[in-house]
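One structure is given here, and the rest of the page talks about it.
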Amino acid sequence: MARDGEDPGMAKTPKVKRQRKKKTKENKTRTVHANLLYDHAKGEENPNRHYANNKIKTTKYTVLSFLPKNLFEQFHRFANVYFVFIALLNFVPVVNAFQPELALAPVVFILSVTAIKDLWEDYRRHRSDKEINHMDCLVFSRVERRYVEKYWKEVRVGDFIKLRCNEILPADVLLLSSSDPDRLCHIETATLDGETNLKQRQVVRSFFDLDCDFDPLKYYSIIECEKPNNDLNRFRGYIIHRSGRRDALYKENLLLRGCTIRNTEEAVGIVIYAGHETKAMLNNNGPRYKRSKLERQMNVDVFWCVIILLVMCLFTAVGHGLWMFQYGDKRPVFDVLSPEGTDLSPIMSAIYLFLTMIIVFQVLIPISLFVSIEIVKICQVYFIHQDMELYDEETDSQLQCRALNITEDLGQMQYIFSDKTGTLTENKMVFRRCTVAGVEYSHDANARRLAMYQEMDSEEEECTSHGGTLPRRDSVASHQSARVVLRSQSTKSHRRTGSRAEAKRASILSKHTAFSSPMEKDITPDPQLLDKVNECSSQMEFMRFHSQPTSQLPSDLADIIDFFIALTVCNTVVVSSPNQPRQKVRMRFELKSPVKTIEDFIKRFTPSRLTSGSNSSSSSSLITSRSSNKGCSSMLSSPSAESTLTKLDEEKHHGSLEHAFSPVPPCYDGKAWNIEEGELRYEAESPDEAALVYAARAYKCSLVGRLPDQVTVELPHLGKLSFELLHTLGFDSTRKRMSVVVRHPLTDQITVYTKGADSVIMDLIKPPDTGNSKGKRQKKIVSRTQNYLNLYAADGLRTLCIAKKILSKEQYACWLQRHLEAETAIQGREELLFESALRLETNLQLLGATGIEDRLQDGVPETIASLRQAGLQIWVLTGDKQETAVNIAYACKLLDPEEEILTLNADSQEACALLLEESLHYIQAKFLCNSTDQSTKAFHNNFIPFDIYPSSSPSSSSSHTAPFMVHRLGLVIDGRTLAYALDKTLEDKFLAVARSCRSVLCCRSTPLQKSMVVKLVRNKLKVMTLAIGDGANDVSMIQVADVGVGISGQEGMQAVMASDFALPRFRYLKKLLLVHGHWCYSRLANMILYFFYKNAMFVALIFWYQFYCGFSGSAMIDQWYLIFFNLMFSAFPQLITGTLDKDVSAETLQQLPQLYVNGQNSEEYKPYMFWMNMIDAFYQSLICFFIPYFAYADSDVDLFTWGTPITTLALFTILVHLGIETKTWTWMNWLSISFSIALFFTVALCYNASCPTCYSPSNPYWTMQRLLQDPLFYLLCIITPIAALLPRYFYRACQGTLFPSPVQVGRQLDKLPAETRRNILSLSRVKVGSPLSPKPPFLSLSKPPVTGGNKKDQKSFPSSKTSQGPVLQTDQQGQRRGPTDSERGLSDLYTLVPTEIDTLPYTKDAPQLSEEQQSPQTKDSEGLDKSLETSDLSLSGWITSTPLLTQTDSIQLNLLPDGDAQCVRYTRDSVEKVKPAAQRTEQETGQPLHVTS
Amino acid sequence: MMASSYNAKEEDGHHSGAANHGGAGAVKSKKPDNTAFKQQRLPAWQPILTAGTVLPAFFVIGLIFIPIGIGLYVSSNNIKEFEVDYTGVDISSPCHPCAKNFSWNATTPCPCSVHFTLEQPFESNVFMYYGLSNFYQNHRRYVKSRDDSQLNGDRSALTNPSKECEPYRTSEGLPIAPCGAIANSLFNDTLKLYYIDSNGTRNEIPLVKKGIAWWTDKHVKFRNPGGNDNLTLAFKGTSKPVNWRKPVYELDPNDDDNNGFTNEDFIVWMRTAALPTFRKLYRIIQKKSGSTPTLPSGQYVLDITYNYPVLSFDGRKRMILSTISWMGGKNPFLGIAYITVGSICFFLGVVLLIIHHKYDTRNNSADIPN
């Protein structure tokens, strides 16, 4: 292999060929030569010259281009163009209305404010660009023949760069050499995909075997690869050596910009993509400009304002024309000729006037609206940032609003798309329990320990809020400070991994490793199992001493030891030692790669040198412990060992003998020996791997070292064993399992350990031969394990099965042959490897199963329940496997045990179509039989839950059956089916099905699918979508959704970077949406409406005046007032209200999530409201105009002495109007209103006293002063606002009493004392939705779909037997009682699983979990339904005693909720073939207890 | 922003944060301050608008407004006002011939007299107004057509008036003083009032022509160029407005203080009216000492020098005699408005009371079971 690079003989031919090829493939590929070859040919010759250099520039402007470009961009906003147009219009003398300079002022002000903001942002970008461009890296220089420091921006494609440990990669680099003996380079990709574990990258294969250091001068190869693209997980290409030999390049060879080199002292690579062409940069599209829904709606109304404006102008113009016309030729003395002295015709005059009026009425289009909205949004963002409840103590992070302009969208969400892992869960896998050889070890102590952590968490929270000063940083991090910016990445990302209490408590060491909180690490072993392990290993030790074959071990003990070996070995966990963080522990005993070639195999496994009686054979790869390595080797040399081993075995031992057995490892650091096991740290690609390794370590089976070809395990009594790692068949999502092929050091058998999802492993288990006892035992193990697996799944644990298989040499050789073929294949390598893996993983022997808990984040079920009550549809899109996803969905109350689940798993497009069709029919049938016409209509017209919301009348029981009937379904769909369903032809059907389900769960979905789903829902259903996720795989979905939320938790920054809001935890979503979203929306909606009103009202005053000034465009309001009215006099109060107004308190909003519907349905700002406001504005302006008009009619008042009171009145009216709309009066409101008034009078007085001759034409000298002496002025100021606002005030009062909106009811709740409020809220939760009880008005607004669903279920169920009155009252009881078999029967009646009629553990309930989660809720209701206790008992007793309904297809008669019609309910039973007895009994015994407790 | 840059920064922040942690117990976290303002928990008054809460406001407004309205109405009714239309539209009107034949170009004034009877005596000071109807002094181009600097006595503006005055800026090559359309259309009828006592003699009633303009106008805004010394000289080199018969310095040749730009009739005219029907103060009839009424009831004659044509634009001219109260001239509107609004409020209050009793009860007590 190595010779390829050095063979210069055939250098010419491929080059020619390549060049020819290059022409044809010009567009598809990029060719990279080494720059060194072209150093002398300056520029022209260098084939890399066309590629982007590594300098990045993310700024928008340069110094020169700023002004034109920024103005150009600002003029994209229509409003700005409009205002500039109007300002310029003022410069035309014929039409001008105001002093041109004065009219220009507001526009200039607004443009410059925006420009300054843009400038500042761009400057920040420039600063960060500069910082990045000037980072250093080592680039090979031909002149100096060494690596020299250069700035990042000087790096070019084709440069050789040398990277040292902890450096950040400046560009996308192809790895050519690594100081690592395995030719590996570890990188941390947290900045790219957010994953904090180390990834291994390999040196390009042709450079693999270079003995000496890589010398760039000897590099003559040419790389051909794909064009720059943004797919982080793809890189294809090949390297062409001089010899003409081609080697394929994979993504394993590419180091991406932004990653950090870890654990590798030095690496050398050639730059492939640089600067803006790197994958990291290509992935970094600027954020999509998001325009909030409210803003879109507002723009429509701005458009209407324009229409109104034009109509008004047209009207005035026509009026003026007619007015002129009536005088005919007799020009009146007051009709002044044009400046030129010419007489204007009425028509010309009208046309000029039209333009003048546009200027006069320009205020109608609120120039300050856009500025005010931005100010208010910034303030809102500030307050969201400041919210203490959104601050996460443990990570010291608070919510970040990254998008400033869509805060109000938070209040209008309808669909939430959530990632699962890391978002709903903590992404901390905790080993909970396991079953080995059919025996369950419940790990009660461990469970208690975990419970204790939780308790401590809550205590800790209280303690630490006073500010602990525990050192958070360790020395390792701080002594890296020389290049802090570059190199302390790891410490940062790991700080985030800490759990709540642990963040304060954890030791310095544990900080550095991912997935290693004490909660995850310190597993309390089950005493029973620990005993067995000890017993087993001591026996093994004994046997080893006595050279007995380990196969004599009792099979259950053998299984146990195998189980733990599998746990430790069957993974890709990298071990690192704590003293050298991120340095892997090296215990290399042999420098040999895994079997890579057939020759290699033959060399290692064929009996070439038969030497019988080799006494040290059996200890070949046994690594003895420090104390007894010498003695051990001698004692093990017993003849009995060889007698039991096959010949082949012996030969094989011999092969490995020469290198395998060395008592002291050559490159082993002696100090490391002394490291206690506990301090070894494991870096796993997925946290559950780490959890299993930690679990095994708790049983003293610890992984101490991993190399590509060998895994070292320390076992109790046995010391360190080195497993020769022959192959690792990595995890993939289709196989859902991974395997390792190792040679067992004790038995020397070639063993395959497989770990995978239970559904697949169970199918691969070798069918036990029932003939003998062993087979019987196996069968028993399998069935028992299956039972336990079901139980685990019901508990919401992630289940994994562990199995093994022993290969004979022949089998292995046979498999190996084809495997190697697959490995070396160029075409379709992945497929071949996949098939090869499938061939190996058959006929397994089941060892056991594990249950890992991916702990839900705190408060997730409550949050989901609240969000759902708030009318949000929650979809979970996860890459996880179906089983896990469903389990978690149950655990977090996304799926309810009582709801039916449609599972869509299809193999083909047709099957998928059929499934969807069938589901649709089912839903419709089910729906039709349960609903009235009204709700059918609702079904077809709107699926937005609670759209028919304001059903405060008690008669609306039928209308609210619709949503919950629809939402009693859950949909589970897997990635493959989703791909079919997202097809153009099926997407409508899919949506129809999905939106009628209460919750949707998409498993195994790719990032692309996630974004497609979001896009589909967003575009087709025209709903507001929110996507929340934490990992890189959620980025696309986050970007597509209307609002993207990133969890800044475990998985780095990628999601956060793409998001609009970054939350530390999922549960904060509740407050963010329900409180801040609600507030932001209602504040902004009210403010926008108010703006329209205000401007319309003000402009209408002038409009009315046109009737009294001959439509001449005259204004009685001084132009200064006219122009600054919006900008100054009336601006502050609305800003304060827009920022601070709270319609309902945060507490009530959280307790009554239903209030969120307000925003979803845009209740605060509906199109008709705009018109109502306009009408009100016109009415008010009429009052404000005509009261002064009549009061001053036929008097000697002059124009501006009359106009100034009108201005004042209008200001008062507008402020009082705002006062009516203000819900919360703080001192800020009072202050701002007083300030506005004071400002107006101050400005007016100063202005009117300042200059007697300026300010033509109004010349308002001393007007205000005189007015203030006039009692009439005060009388007008009192009566006019009151008369103007009387209707609105009266309407508001009536509305508040007669038909209060839910929000108003919420406000009334706010006013009640806390105690009373709590009672009412808890009451509403209990009795909600029960049509029999007369509804108090509060209760009408709380109809949580959850309880609604329960109610229905309960109603329909007993009514099939008899009509049981009391049942109807017991809404909560269903959940309290926990599900029973019979109920489950109902809920699982319809599960569409045509492909795999597998056991589906996830369709079962999670009795314990649900009960646990329920308890806080039920607690409040406990007192209230004590009276129902007795009936509950009888009911539950009756239910538990009913026979199972699930086993057969059945047709049930169900009574409708209204109880007047019967219909057939489709029930089809395709699952539940195996109903675990254990589970049933447990439930039957358990459930009554729940009720009584 | 690109990923790595973000992180580099982020890291920086973290590091400094960490340094603080290591420091002398100075924990500097990002934890937001727990202040009422930042947590949006400012003490607040949260009015809820329901029938019950709003009710008192309506009654209070009603109870306050109705008395005010009655007071205003009464005081307005106490004002005595008398109006004579002397436009001469009617053929029977004594001024008809003048109105019919008169135009701006006429050189000779047309006199006419109108007889009228005051039924009631006017007790206090009587204000004499002339009223114009359909005269759009508020027309946009009309309003602008003046030069305040010129009127303020600015010399340069006198000789070079503002462009706004066009087309009444220059006449025959000379700048017009005062320029502009407003000045040009100065009301120039002369009114004289005679009381015909019982024996039929006409007693001229003394009309005070000063003190009719705003003090600030007279003393601050309007000034003659170069003081009041010699107006003829001061206005030399300017031309009179086109429609005027005499130049500005001859407006009141008898009183230097009332001549030129500071002529009060002129000043009053220059204050453009807000509405097309307006009145302007013309003269004041001072109350005589003693108990005799200012204008006793009886026969009066109004002598008019008819100079001002209004028929071309359908205008009307009136002479108004009016006393004045604290709230200005006679205008019953405000009183009526107060009474109306007060009554409506009261009525709505009653409506709300009914609503409150019918529907509002549950909100406060019945719903709360405890």
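Protein chains get the first letters and strands the later ones, always in sequence-line order, with residue 1 at the start of each.
With a 4.5 Å cut-off on non-hydrogen atoms, Phe333(B) touches chain A through its side chain but not through its backbone. Neither the backbone nor the side chain of Glu81(B) has a heavy atom closer than 4.5 Å to any heavy atom of chain A. The contact between Pro276(B) and chain A is made by backbone and side chain atoms together, counting heavy-atom distances below 4.5 Å. Heavy atoms closer than 4.5 Å to chain A are found in the backbone of Lys280(B), but not in its side chain. At a 4.5 Å heavy-atom cutoff, Ile182(B) makes no contact with chain A through either its backbone or its side chain. Neither the backbone nor the side chain of His276(A) comes within contact range of chain B; no heavy atoms are under 4.5 Å apart. For Asp33(B), the part sitting under 4.5 Å from any heavy atom of chain A is the backbone (N, CA, C, O) and nothing else. For Val310(B), no part lies near chain A; criterion is any non-hydrogen pair under 4.5 Å. For Leu132(B), no part lies near chain A; criterion is any non-hydrogen pair under 4.5 Å. Heavy-atom distances place no part of Ala1115(A) under 4.5 Å from chain B, backbone and side chain included. For chain A, the nearby part of Ala57(B) is the side chain; its heavy atoms alone come within less than 4.5 Å.
Under a 4.0 Å N-O distance rule, the pair Lys38(B)/Asp387(A) does not qualify as a salt bridge.
Taking the ring centroids of Tyr136(B) and Trp323(A), they lie under the 6.0 Å cut-off.
Annotation for Met388(A) and Lys31(B): closest pair SD-CE, 4.1 Å, computed over non-hydrogen atoms. Closest non-hydrogen pair, Asn138(B) versus Ser1114(A), comes out as O-OG, 2.8 Å. The nearest pair of heavy atoms linking Gln386(A) to Gln39(B) is O-NE2, 2.6 Å. Pairing each heavy atom of Lys1223(A) with each of Pro47(B), the nearest pair is O-CD, 3.6 Å. Taking both residues in full, the closest heavy atoms of Asn331(B) and Phe1190(A) are given as ND2-O, 2.8 Å, listed atom of the first, atom of the second, then distance. Smallest separation of non-hydrogen atoms from Arg41(B) and Lys1142(A): CA-NZ, 4.2 Å.
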- [ ] Would you please test Phe383(A) and Phe37(B) for ring pair (Phe, Tyr, Trp, His ring centres under 6.0 Å) and show each step?
- [x] CA-CA 9 Å; Phe383(A) 278 117; Phe37(B) 174 69; 5.2 Å; yes
Task: Worked verdict on Asp335(A) versus Arg141(B) for salt bridge (charged side-chain N to carboxylate O under 4.0 Å, His left out) - done: CA-CA 7 Å; Asp335(A) 186 16; Arg141(B) 288 202 297 274; 3.3 Å; yes
TODO: Begin from the C-alpha positions of Phe65(B) and Ile1282(A) and carry the test side-chain contact (heavy atoms from CB on, under 4.5 Å) through to its verdict.
DONE: CA-CA 10 Å; Phe65(B) 271 28; Ile1282(A) 288 177; 3.4 Å; yes
TODO: Test side-chain contact (heavy atoms from CB on, under 4.5 Å) on Tyr168(B) and Val336(A) and set out the steps.
DONE: CA-CA 9 Å; Tyr168(B) 304 101; Val336(A) 183; 4.1 Å; yes
Task: Stepwise side-chain contact (heavy atoms from CB on, under 4.5 Å) check, Tyr1105(A) with Leu275(B) - done: CA-CA 9 Å; Tyr1105(A) 187 57; Leu275(B) 298 165; 4.1 Å; yes
Open item on the list: Between Arg318(B) and Asp1194(A), does the salt bridge (charged side-chain N to carboxylate O under 4.0 Å, His left out) criterion hold? Intermediate values first, please.
Closed with: CA-CA 11 Å; Arg318(B) 294 164 297 155; Asp1194(A) 192 20; 3.1 Å; yes
- [ ] Verify side-chain contact (heavy atoms from CB on, under 4.5 Å) between Tyr1261(A) and Thr216(B), making sure each step is shown before the conclusion.
- [x] CA-CA 8 Å; Tyr1261(A) 189 71; Thr216(B) 49; 3.9 Å; yes
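Residue with the most contacts toward chain B among Arg1266(A), Arg1307(A), Met1116(A): Arg1266(A) (heavy-atom pairs, distance under 4.5 Å). The greatest number of non-hydrogen atom pairs below 4.5 Å with chain A, out of Val341(B), Thr277(B), Val220(B), is found for Val220(B). Of the listed residues (Asn1229(A), Thr1226(A), Leu1140(A)), the greatest number of heavy-atom pairs within a distance under 4.5 Å of chain B belongs to Thr1226(A). Annotation: maximal heavy-atom pairing with chain B below 4.5 Å, among Thr356(A), Leu390(A), Ile1220(A), occurs at Thr356(A). Highest contact tally toward chain B, considering only Asp1310(A), Thr1139(A), Ile1187(A), is held by Ile1187(A) [criterion: heavy-atom pairs under 4.5 Å]. Options Ser1112(A), Ser1145(A), Pro1271(A) differ in how many heavy-atom pairs under 4.5 Å they form with chain B, and the most are formed by Ser1112(A). Each of Leu1272(A), Thr1224(A), Thr1222(A) has some count of heavy-atom pairs under 4.5 Å with chain B, and the biggest count is that of Thr1224(A).
Taken to the nearest 0.5 Å, the SG atom of Cys1294(A) stands 10.5 Å off from the OH atom of Tyr359(B). Taken to the nearest 0.5 Å, the CD1 atom of Ile1278(A) stands 9.0 Å off from the CD1 atom of Ile64(B). Atoms CG and CD1, on Leu1286(A) and Ile344(B) in that order, are 7.0 Å from each other to the nearest 0.5 Å. Atom OG1 of Thr272(B) is separated from atom CG of Asp1198(A) by 6.0 Å, given to the nearest 0.5 angstrom. For the atom pair OG1 of Thr1253(A) and CG of Leu151(B), the computed distance is 10.0 Å after rounding to the nearest 0.5 Å.
The shortest distance between side-chain heavy atoms of Gln326(A) and Asp314(B) does not fall below 4.5 Å. Looking at His320(A) and Arg140(B), their side chains never come closer than 4.5 Å, going by heavy atoms from C-beta outward. At least one side-chain heavy atom of Thr1201(A) sits less than 4.5 Å from a side-chain heavy atom of Trp214(B). Within the 4.5 Å cutoff, the side chain of Gln1304(A) has no heavy atoms near those of the Ile48(B) side chain. Counting only heavy atoms from C-beta outward, the side chains of Tyr1289(A) and Leu348(B) never approach each other to under 4.5 Å.
A donor-acceptor pair under 3.5 Å is formed between the side chain of Thr1297(A) and the backbone N or O of Ala51(B). Not a single donor-acceptor pair under 3.5 Å links the side chain of Arg279(B) to the backbone N or O of Ser1195(A). Side-chain atoms of Tyr338(B) come within 3.5 Å of backbone atoms of Leu1275(A) as a donor-acceptor pair (strictly under, hydrogens ignored). A donor-acceptor pair under 3.5 Å links the side-chain atoms of Lys221(B) to the main chain of Asn1259(A), judged by distance alone.
Ring geometry for Phe58(B) versus Phe1290(A): interplanar angle over 60°, hence perpendicular rather than tilted (30 to 60°). Between Phe334(A) and Phe313(B), the angle of the ring planes goes over 60°, which puts this pair in the perpendicular group of the 30/60° scheme.
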